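All of these numbers come straight from a predicted model, not from anything done at the bench. Each chain gets a letter, A, B and so on, in the order the sequences are listed, and its residues count up from 1.
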Protein chains: 2
Amino acid sequence: MQPDRTKARILAATDALFGERGFDATSTRDIAERSGVNKALIHYHFHAKEDLLGVLLDGYYERLTVKLLTAFGQRPTLVEQVEDVLDAYADFLAQNRTFCSIVQREVASGRHVDRIVQGTLPVFQLATTWFAELTPNAVTAQELLHVLTSVYGMVVTYFTYGRVLHQLSGVDPFTDEALEARKLHVRRMVRLLFVELESRMSTDAGALS
Amino acid sequence: MQPDRTKARILAATDALFGERGFDATSTRDIAERSGVNKALIHYHFHAKEDLLGVLLDGYYERLTVKLLTAFGQRPTLVEQVEDVLDAYADFLAQNRTFCSIVQREVASGRHVDRIVQGTLPVFQLATTWFAELTPNAVTAQELLHVLTSVYGMVVTYFTYGRVLHQLSGVDPFTDEALEARKLHVRRMVRLLFVELESRMSTDAGALS
DNA sequence: ACGCGACTTGGGCGATCGCCTAAACCGAGT
DNA sequence: ACTCGGTTTAGGCGATCGCCCAAGTCGCGT
């Protein structure tokens with residue numbers, strides 16, 4: 001078998017196992033068995049187990065960044081652009097649910113935070129420049145961070161807590177219809193935010209109520 | 001030393017270690033060392049490592065539920081009650097940041113989901129009955145779940161992604177001032193939601209835009 | 001004083017961990 | 001035909017894992 005094919009098989013197995021069990025609960029032997037590859041090959045191709053996670057995360061963030069940056073800038077108004085990016089984000093998470101689990105766990109453990117910050121940085125900076133240009137003095141940097149955190153949380157929590165939501169509602173949250181409904185909900189919330197921002201800009205004053 | 005004191009020391013060390021490293025990355029020897037207790041005592045008092053996590057989670061959810069249910073019902077209007085509950089939730093997470101990390105990891109791994117669902121159930125049911133009484137036909141069950149997920153996500157994400165936010169903004173998100181600012185932001189978002197709900201009820205029709 | 005049950009202790013069992021070594025394999029270049 | 005570098009293999013090293021055992025200690029009722 002050509003080495004590229006081997007590396008791909010190892011990475012695929014790693015993704016599946018890290019996603020469902022987590023880094024610490026997965027042994028290199030598990031990965032070898034799942035990918036149908038000798039266990040020494042993992043260390044030959046990826047040096048250490050830790051590096052496997054690094055390569056995996058870097059790949060995810062590169063694909064995610066490309067997808068979000070291209071989703072941005074397709075439609076005229078800012079609201080529509082934001083909606084497109086959030087839709088693309090939701091689609092990405094739906095198609096890469098292991099990514100969501102892995103990041104959540106690593107952030108909780110404070111590991112690979114640098115890599116995760118670096119991965120989110122391009123989109124984060126794009127978002128901040130949007131608002132800096134569009135709402136020069138209506139939104140402070142602190143407030144913007146809160147808004148981004150909230151929107152991010154709304155999108156991501158739906159996927160991380162998928163199992164919990166399933167049990168609470170009895171409905172599978174990952175069917176196509178359910179995902180579309182979620183995206184619609186997020187769009188509504190974002191519209192509400194924008195309405196508030198615009199009204200604040202027109203009155204040229206801050207703070208709601 | 002009296003056994004209750006021993007069990008408390010073990011649980012405290014378990015909480016700290018599970019919180020910062022996670023269940024799988026923590027050994028019973030780590031717990032014994034941190035709590036200054038013989039390693040066999042852990043299995044004597046708590047049977048298995050897995051049970052430690054169970055006891056820990058049950059304790060957290062009991063305290064959380066009591067806190068949220070008492071926070072509810074102190075002020076006249078529904079908006080204020082919701083704000084109080086969310087403030088109490090944020091305070092609880094701020095004072096028990098390990099809880100947040102632990103739950104996030106376990107949910108990501110699909111472990112202890114039953115226990116977590118059971119723990120959130122009282123508050124979840126209270127929230128659903130609120131809206132069922134107050135907005136009988138303005139909000140569907142599906143839509144309510146989306147709203148609760150979003151609000152939950154807004155609150156929790158701030159704490160789980162504390163380290164990331166710190167690096168992105170350069171500001172410690174866990175100072176008293178920062179936490180108050182976060183609570184204020186969540187309150188604003190909830191107010192926006194309520195304004196939308198009320199307008200929908202007055203027009204007696206659904207769907208924004 | 002003494003026995004009994006609860007608690008604590010050091011030591012170690014078998015299993016599994018990440019990683020490494022030495023040898024075999026294999027296709028391309030000469 | 002034969003080297004040679006890249007790839008794959010079986011096997012095992014030392015460390016660590018969860019958990020258990022037999023003995024020891026302690027306080028308390030009698």
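In this structure, the nucleotide among D:dC19, C:dT8, D:dT7 sitting nearest to the side chain of A:His45 is D:dT7. Across C:dT8, D:dT8, D:dC20, the shortest atom-to-atom separation from the side chain of B:Leu41 is found for C:dT8. Side-chain atoms of A:Asp30 lie closest to C:dC17 of the nucleotides C:dC17, D:dC19, D:dC20.
For the pair A:Arg182 (side chain) and B:His146 (backbone), a donor-acceptor distance under 3.5 Å is present. Under a 3.5 Å cut-off, the side chain of A:Thr70 and the backbone N or O of A:Lys67 do form a donor-acceptor pair. A donor-acceptor distance shorter than 3.5 angstrom exists from the side chain of A:Arg63 to the backbone of A:Gly59, with no hydrogens or angles considered.
Electrostatic pairing of B:Asp24 and B:Arg105 does not count as a salt bridge here, judged by no charged N lying under 4.0 Å from a carboxylate O.
Computed from coordinates, the B:Ile42 CD1 to D:dC21 C1' distance equals 17 Å when rounded to whole Å. Summarising the geometry, the separation between CZ on B:Arg5 and P on D:dG27 is reported as 17 Å, rounded to the nearest angstrom. Atom OH of A:Tyr44 is separated from atom C1' of C:dT21 by 15 Å (rounded to the nearest Å). If you measure from atom CG of A:Asp51 to atom P of C:dC20, you get 11 Å, rounded to the nearest angstrom. Whole-Å rounding puts the B:Lys7 NZ to C:dA6 C1' distance at 13 Å. Regarding A:Arg9, its CZ atom lies at a distance of 17 Å from the P atom of D:dT7, rounded to whole Å. Counting to the nearest Å, the P atom of C:dA24 and the CG atom of A:Asn38 are 16 Å from each other. Straight-line distance from the NE2 atom of A:His43 to the C1' atom of D:dT8: 15 Å, rounded to whole Å.
When the side-chain nitrogen and oxygen atoms of B:Thr6 are compared with OP1 and OP2 of C:dT8, one or more of them lie within a distance under 4.0 Å. The side chain of A:Thr28 contributes an N or O atom lying less than 4.0 Å from OP1 or OP2 of C:dG18.
Shown here is B:Glu33, whose CD atom has no more than 12 heavy atoms of other residues, nucleotides or ligands within 6.0 Å.
Applying the 3.5 Å distance criterion, the base of D:dG12 shares a donor-acceptor pair with the side chain of A:Lys39.
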